[in-house]
2 protein chains.
Amino acid sequence: MTSIDDVARATGVSTATVSRALRGLPNVAESTREAVRLAADDLGYVASSSASGLASGRTLAMGAVVPSVSRWFYTAVLEGIDHELRAASYDLILFNLGGRGEDRSRVFHRSILRKRTDALVALCLDFSAEERRQLTSVGHPAIVVGGPVRGLRHIGIDDLGAAKLAVEHLIALGHRDIAHIGGEDEAGLNRSVPEARQAGWRDALTTAGIPVRGDRFVLGGFNIDTSKQATDVLLSSGERPTAIFAASDEMAVGAMLSIWAHGLRVPGDISVIGIDGHPLARTFGLTTLEQHPFAQGATAARMLLDELAGNPPRSRSVRHPVTFIDRGSTARPA
Amino acid sequence: MTSIDDVARATGVSTATVSRALRGLPNVAESTREAVRLAADDLGYVASSSASGLASGRTLAMGAVVPSVSRWFYTAVLEGIDHELRAASYDLILFNLGGRGEDRSRVFHRSILRKRTDALVALCLDFSAEERRQLTSVGHPAIVVGGPVRGLRHIGIDDLGAAKLAVEHLIALGHRDIAHIGGEDEAGLNRSVPEARQAGWRDALTTAGIPVRGDRFVLGGFNIDTSKQATDVLLSSGERPTAIFAASDEMAVGAMLSIWAHGLRVPGDISVIGIDGHPLARTFGLTTLEQHPFAQGATAARMLLDELAGNPPRSRSVRHPVTFIDRGSTARPA
DNA sequence: TTGAAAGCGCTAACAT
DNA sequence: ATGTTAGCGCTTTCAA
């Protein structure tokens with residue numbers, strides 16, 4: 001491997017100058033910089049990240065801890081993060097907690113505290129007080145995207161408010177029998193999000209003076225299949241609700257499939273509304289409240305990069321707005 | 001930050017011994033090892049990856065270059081890779097090429113050759129001769145998952161064969177008017193895969209003595225929406241095909257949605273078959289040929305880890321088997 | 001089984 | 001504008 005010395009020798013300058021020239025630092029003659037660049041290119045020299053990381057104390061990499069990479073929301077947030085990182089020439093280290101819980105502390109220790117990264121963004125994950133202490137002790141700025149957390153800034157939407165908006169939309173159309181398909185995450189992660197959305201459903205009904213019926217709440221698994229099954233149950237009872245508010249777009253699609261399978265129409269027989277802005281919502285003509293995970297991820301990454309650039313940390317959490325998109329899956333009750 | 005010296009001092013041994021003890025190397029007294037572990041735990045010591053990377057020449061990280069993280073296939077492969085890496089205590093660096101082509105060489109240079117990783121797996125990506133030369137020169141073993149590539153090993157399925165199987169299945173049911181919805185990748189990436197699948201369609205028809213009609217081939221975009229539109233076109237013509245072979249499961253779902261929207265039944269009026277094993281296939285009762293991206297990713301990662309462990313490189317590419325799953329979306333023609 | 005010491009390839013003060 | 005010189009925190013011979 002060609003090292004910085006090779007380039008220095010080839011150019012006839014010191015390694016310090018090579019380092020400065022290549023990193024675009026000031027106080028290097030343009031002619032020198034050009035010569036160094038040429039030599040580096042010629043020799044195929046690229047600085048070793050271990051060496052520069054060790055010497056400078058910065059890895060130029062950011063870590064993203066995700067509960068899974070197979071869910072739309074997470075990948076969309078990841079893309080937002082990645083977008084900002086690329087602009088800043090930062091690399092992305094992916095820490096996937098996927099499934100098993102035992103791994104978690106190992107991952108945390110082995111990888112995160114090993115200082116492979118300069119900062120950390122966690123998706124819908126909580127940190128224990130101990131973990132936060134450790135993060136602080138390694139000087140790792142961290143931020144959470146998704147669910148709110150204790151003791152750490154976070155980027156997210158107002159889940160309660162968004163859910164209320166969705167249900168209020170249905171109420172405004174004249175619905176009074178509105179069911180809710182609540183989400184449940186496999187690992188018990190991210191519980192606050194489905195809970196907030198459920199609370200929004202209750203609140204909106206209560207505020208409108210509509211009694212909250214226990215049998216109008218069913219649990220799905222944040223995916224199409226289980227939500228479809230949950231809706232099957234909902235529709236098998238004698239009297240059907242006139243509208244369904246699902247805790248996610250995928251769940252709403254599941255509801256639509258169930259409704260269709262029962263020979264009913266959307267929104268003719270039953271109105272359906274979701275939350276997310278999932279691509280399928282467009283495909284299925286689903287009315288929804290879009291949250292913008294890409295933007296959320298980008299915001300998080302930008303905040304951290306800012307901080308790493310030496311700007312004063314913005315300690316405040318950021319609440320992203322949601323967008324109401326009417327695609328016609330809701331209408332006044334028959 | 002507590003360093004290896006702190007642990008050495010606390011334990012009263014040399015840093016060399018601490019290093020050996022913590023890494024589980026032989027020739028360390030059990031009592032010493034225990035003491036070192038205790039002290040390390042106590043002090044919250046974790047080795048710096050930059051320092052050990054620099055000293056040892058190994059980063060204990062593997063890079064994955066992906067064209068996008070928002071597509072099912074890629075994330076499934078990633079999970080397979082991640083699974084193996086975790087077992088080996090390797091970290092995963094994600095290089096997302098997402099969209100723009102200009103970025104590519106920058107990413108390649110800046111990140112990959114910077115030796116942040118010990119090995120590289122590329123998803124459905126080709127390498128230029130120059131890039132391969134560079135990879136070799138940094139001693140980076142590399143492998144490709146997905147499309148076949150020149151000059152590099154790759155893990156993948158027999159796309160031509162799988163497509164033939166799908167079409168032969170339809171022919172065996174008695175179909176003679178079989179349409180194909182071909183895939184087209186946005187970035188022009190991964191072109192060989194859709195091409196092979198299309199070739200399989202042609203081959204199977206030809207072999208069965210069925211003329212290949214140009215108007216029975218339409219192009220979708222490897223997603224539900226465009227495939228639905230493509231099918232709309234297919235169905236708007238006078239006489240309908242009796243079966244459709246889609247180049248992916250998502251595309252097959254798009255076809256089903258179009259068919260239903262036309263008031264037709266699957267498989268009553270039109271049979272549909274896909275390729276992939278996408279979760280939606282189950283949801284929609286789609287008959288398909290499952291490829292197993294998780295397994296493909298795992299195989300790739302394992303091969304590289306093997307090689308990094310010093311085992312002789314397996315230079316051969318690996319062809320993964322596909323699994324036929326009949327979910328009833330195909331039947332004999334009416 | 002353990003320790004001493006020489007790097008690994010860079011960066012960052014401090015000089016010049 | 002450029003060079004000198006210490007490290008950064010580990011790993012790894014080589015000795016003991």
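Reminder, nothing fancy here: chain letters follow the sequence lines and each chain counts from 1.
- Under the 4.5 Å side-chain criterion, counting only non-hydrogen atoms from C-beta, A:L304 is in contact with A:R153.
- Between the CG atom of A:N27 and the C1' atom of C:dT11 there is a distance of 16 Å, given to the nearest Å.
- A:K115 places its NZ atom 6 Å from the P atom of D:dG9, with the value rounded to the nearest Å.
- Of the possible polar contacts, one joining the A:T11 side chain to the A:V7 backbone as a donor-acceptor pair under 3.5 Å is found.
- In this structure, A:R23 atom CZ and C:dA12 atom C1' are separated by 8 Å, rounded to whole Å.
- At a cut-off of 3.5 Å, with distance as the only test, no side-chain donor of B:R71 or B:T75 sits close to an acceptor on the other residue.
- The distance from atom CD1 of A:I4 to atom C1' of D:dG3 is 13 Å, rounded to the nearest whole Å.
- Using a 4.0 Å cut-off between a side-chain N of Lys or Arg and a carboxylate O of Asp or Glu, B:R302 and B:D306 do not qualify as a salt bridge.
- A distance of 12.0 Å separates CG of B:L22 from OG1 of B:T15, quoted to the nearest 0.5 Å.
- Contact check for A:Q296 versus A:V145: side-chain heavy atoms found under the 4.5 Å cut-off.
- For B:Y45 and D:dT11, the OH to P distance is 6 Å, given to the nearest whole Å.
- For the pair A:R116 (side chain) and A:A61 (backbone), a donor-acceptor distance under 3.5 Å is absent.
- Summary of helix geometry: the two end axes of the helix from C:dT1-D:dA16 to C:dT16-D:dA1, each defined by five base pairs via their C1' atoms, are inclined to each other by 20° (rounded to 10°).
- Residues A:W72 and B:S70 have side chains not in contact (no heavy-atom distance under 4.5 Å, counting atoms from C-beta outward).
- Here the side chains of A:I93 and B:L94 are not in contact, with every heavy-atom distance at 4.5 Å or above.
- Inspection of the A:D118 and A:T59 side chains reveals an N or O donor paired with an N or O acceptor under 3.5 Å.
- Within the 4.0 Å cut-off from OP1 or OP2 of C:dT2, not a single side-chain nitrogen or oxygen of B:R33 is found.
- In the region residues 6-21 of chain B, proximity to DNA chain C at under 4.0 angstrom, judged on heavy atoms, holds for B:G12, B:V13, B:S14, B:A16, B:T17, B:R20.
- Following rounding to the nearest Å, B:L25 (CG) and D:dT12 (P) show an atom-to-atom distance of 8 Å.
- Across all strands, B:T32 comes closer than 4.0 Å only to sugar-phosphate atoms, never to a base (heavy-atom distances).
- Remark: P of C:dT11 and CZ of A:R58 are 13 Å apart, rounded to the nearest angstrom.
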Using a cutoff of under 3.5 Å, can you pull out all pairs of nitrogen or oxygen atoms linking the protein to nucleotides 6-8 of chain D, with atom names and distances?
residue	atom	partner	partner atom	Å
D:dC8	O2	A:A55	N	3.3

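- You'll find the side chain of B:M303 stays beyond 4.5 Å of the side chain of B:V121, heavy atoms only.
- As rounded to whole Å, 14 Å separates atom P of D:dC10 from atom CZ of A:R116.
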